Amino acid sequence: MIVLGGERLSDASVVFVQKEHFGELENKKNAKSILRFFSGKYEETFFSVDAESRAIIYMGLGEDIPDGKRRKEIAAAAAKTMKKSGINNYSMDISVFVKAAGLSALRDVAEGIYLGSYEICHPGTKRREDFCVQLTGYPRELQKEAEKQLKKGLCLGKARVWAMDMVNAPGNRFHPMDFAREIMSRMENSLIQCELLVYGKLNAMGMQALTSVGKSSENPPCMLVMRYRGAGLDCPVTGLLGGGVTCDTGGYCLKPADSMLGVKGDMAGGAAVAAAMLALAKNKVPVNVTGVIPMCENRISPSSLVPGDVIGSYSGKTIEICNTDAEGRLIMADAMAYIAEEERVDRVLDIATLTGASVDVLGFSTAPVLSNDETFFSEFMTGAEIARERYWRLPIFEEQKDMLKSEIADVKNMGKYYCKTIVAGLFIQAFSMDKPWIHVDIAGTAQVDTPLYEGQPKGATGFGVSSLYYLLDQS
Ligand code: BES
Ligand code: ZN
């Protein structure tokens, strides 16, 4: 729980410190002796006790006032430190941040606290929110606005944690239908309407790209459609597609053993779409969104695809299979064709853990983006800026489209071993009926083995949830 409060009620508090402002600290008496042990470096912590025997945790901010990204990170680092120390009821003075960024700092801090306090919890089990943080140091006369900003941060923080739980869920305990049921049960009492297309229905509809991958497993594929109408029915609808491979072994083009670690997280795009939509609905943001998540496993079985196969797809296009590990784009292709043809969407964004090549280029902090529409792209980047997430746009050229040409089908699921991230995006775009489009590849950013900053948990990161949310809420 995170609450707003003027007076400190708890018996421990976090104080963020810039070295040159040390003299302004409450317990000036101790300031000198604290300085002997604490230099105020970024993320440095120092434990002390004040005159009333309350624990004070000083957290260094370094030389500069942290920007938004670092505000979220330092709040996460503070929350993690408190959790590690067994303190779960504390206040946090955020005046430095409010001075620098106004009340929007509350959103960053709230999301950061959720990240830093994160502990894995299997989806479907009731999460224990075992921390109570009281935020202090904002102007009391702005209480109403402060509450509004905090609520945004809380909804997002909770949604992001939910997405992380789903991504962290073991592949053998979270099959496609479990994924769908988890989302539907969370959305049951929300303003989002869900429709689940089960295996038989997908077959009847001719979703061959999705079912051809999905029938590699005894756990059948499915596709979840979520509709949120926060604005008038005649207002534009944004389509969000999220990749939902709950277990990706690579199929017959089997992944090498040390590339298997992330296989359970190949549904992070789908989790991000569901979580962002839930946060939008909880905050009653006046927009219309249709989300689609194709869900399946990619395993080895007598009915798995093998290279050289040709399959059909919902769009009618035939696809030559060159590599069975390029399955994410196949299931996204059917979802894309479905949303473009059957749902009334004016623009569409797809997000998935699609290519290892994206990690080679941009690493674990930054996700590549492709787009064919300047207005849509710039709106997305504004959202990303508010979300404090990093993206980098890759180019699209005609000759790259040629890499998808097949001699035996309309298109093939892999080009040569070059510009693989761009080719994967262009493959999906080929099914979009030329809608304004954005493609986001979160293969590198969705999970981390080694956290990138002090407060980041290992495993799922929840990357993308906030950017999708702020794409649609820039108020
Ligand atoms: N899910 C993987 C991509 C991935 C790689 C995600 C590393 C997270 C970390 C995807 O299905 C895949 O394996 N893609 C292939 C495509 C290739 C065969 C064209 C890849 O990137 O190697
Ligand atoms: Zn794969």
Side-chain angles (χ1 to χ4, degrees), residues 167-168 171 176 179 209-210 212-214 216-217 221 241-272 293-301 304-309 319-335 350-368 370 394 400 403-404 406 411-428 430 439-450 458-464:
V167 173
N168 282 328
F179 188 17
L210 172 54
S212 301
V213 178
S216 68
S217 166
L241 292 184
V245 184
T246 58
C247 172
D248 176 20
T249 66
Y252 276 103
C253 301
L254 187 64
K255 288 182 185 295
D258 55 5
S259 301
M260 286 275 187
L261 272 175
V263 301
K264 65 177 183 181
D266 212 16
M267 29 58 72
I293 312 176
M295 299 164 171
C296 72
E297 295 185 353
N298 185 25
R299 291 182 185 264
I300 294 176
S301 89
S304 296
L305 290 168
V306 291
D309 285 353
I319 305 170
E320 177 189 0
I321 304 301
C322 295
N323 191 314
T324 62
D325 200 8
E327 84 298 338
R329 67 195 74 180
L330 293 175
I331 70 169
M332 294 294 269
D334 266 357
D350 72 76
I351 178 166
T353 44
L354 221 59
T355 63
S358 69
V359 197
D360 299 340
V361 183
L362 294 171
F364 299 100
S365 70
T366 309
L370 298 179
L394 298 180
Q400 292 156 341
M403 296 175 91
L404 292 167
S406 162
V411 69
K412 57 186 177 187
N413 82 329
M414 184 195 163
K416 290 229 162 55
Y417 281 94
Y418 309 113
C419 60
K420 288 193 273 186
T421 300
I422 298 174
V423 172
L426 291 178
F427 180 89
I428 297 174
H439 167 77
V440 185
D441 192 335
I442 54 170
T445 53
Q447 300 185 82
V448 285
D449 239 0
T450 316
K458 216 177 131 163
T461 59
F463 188 94

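Owing to the predicted nature of the structure, the values given are computational and were not obtained by experimental measurement. Counting convention: from 1, in listed order, for ligands and their atoms alike.
- In terms of N/O distances under 3.5 Å, ligand 1 is approached by L354.
- A 4.5 Å side-chain heavy-atom check between V167 and M267 finds at least one atom pair inside the cut-off.
- Heavy-atom contacts of E327 reach the following atoms of ligand 1: 11 (O) (cutoff under 4.0 Å).
- Within the 4.5 Å cutoff, no side-chain heavy atoms of P221 are placed close to those of V213.
- Summarising the geometry of D325 relative to E327, their closest heavy-atom pair is O-OE1, 2.5 Å, with the distance given to 0.1 Å.
- Considering backbone and side-chain N/O of G356, one or more are found under 3.5 Å from N/O of ligand 1.
- Geometry about the Zn ion (ligand 2) gives an angle of 120° between OD1 of D325 and OE1 of E327, rounded in steps of 10 degrees.
- When side chains are defined from C-beta on, L354 does not count as touching T421, because their heavy atoms never get closer than 4.5 Å.
- Residue contacts with ligand 1, taken as heavy atom pairs separated by less than 4.0 Å, do not involve Q447 at all.
- Protein heavy atom at the shortest distance from atom 6 (C) of ligand 1 is A443 CB, 3.6 Å.
- The closest donor-acceptor contact from the side chain of D309 to the backbone of V306 lies under 3.5 Å.
- Among the atoms of D266, some N or O lies under 3.5 angstrom from an N or O of ligand 1.
- Side-chain contact between N323 and P307 is absent, with no heavy atoms from C-beta onward closer than 4.5 Å.
- Within ligand 1, the atoms closer than 4.0 Å to a non-hydrogen atom of N323 are 18 (C), numbered from 1 in the order shown.
- N413 has its side chain out of reach of E320: every pair of non-hydrogen atoms, C-beta onward, lies at least 4.5 Å apart.
- In this structure, F364 and T461 have side chains that are not in contact, with every pair of non-hydrogen atoms separated by 4.5 Å or more.
- By the criterion of a heavy-atom distance under 4.0 Å, the side chain of D248, and not its backbone, is placed next to ligand 1.
- Taking the Zn ion (ligand 2) as reference, the nearest N/O/S atom within D248 carries the name OD2.
- Residue contacts with ligand 1, taken as heavy atom pairs separated by less than 4.0 Å, do not involve M267 at all.
- Applying the 4.0 Å criterion to heavy atoms of T353 picks out, from ligand 1, the atoms 1 (N), 2 (C), 3 (C), 6 (C).
- In terms of N/O distances under 3.5 Å, ligand 1 is approached by K255.
- Counting all heavy atoms, side chain and backbone alike, N298 lies closest to T324 at ND2-O, 3.2 Å.
- At the top of the distance list for atom 12 (C) of ligand 1, counting protein heavy atoms only, stands D325 O, 3.1 Å.
- Checked against a 3.5 angstrom limit, the closest N/O atoms of R329 and ligand 1 fall outside it.
- The distance from atom CZ of R329 to atom CG of L426, rounded to the nearest 0.5 Å, is 10.5 Å.
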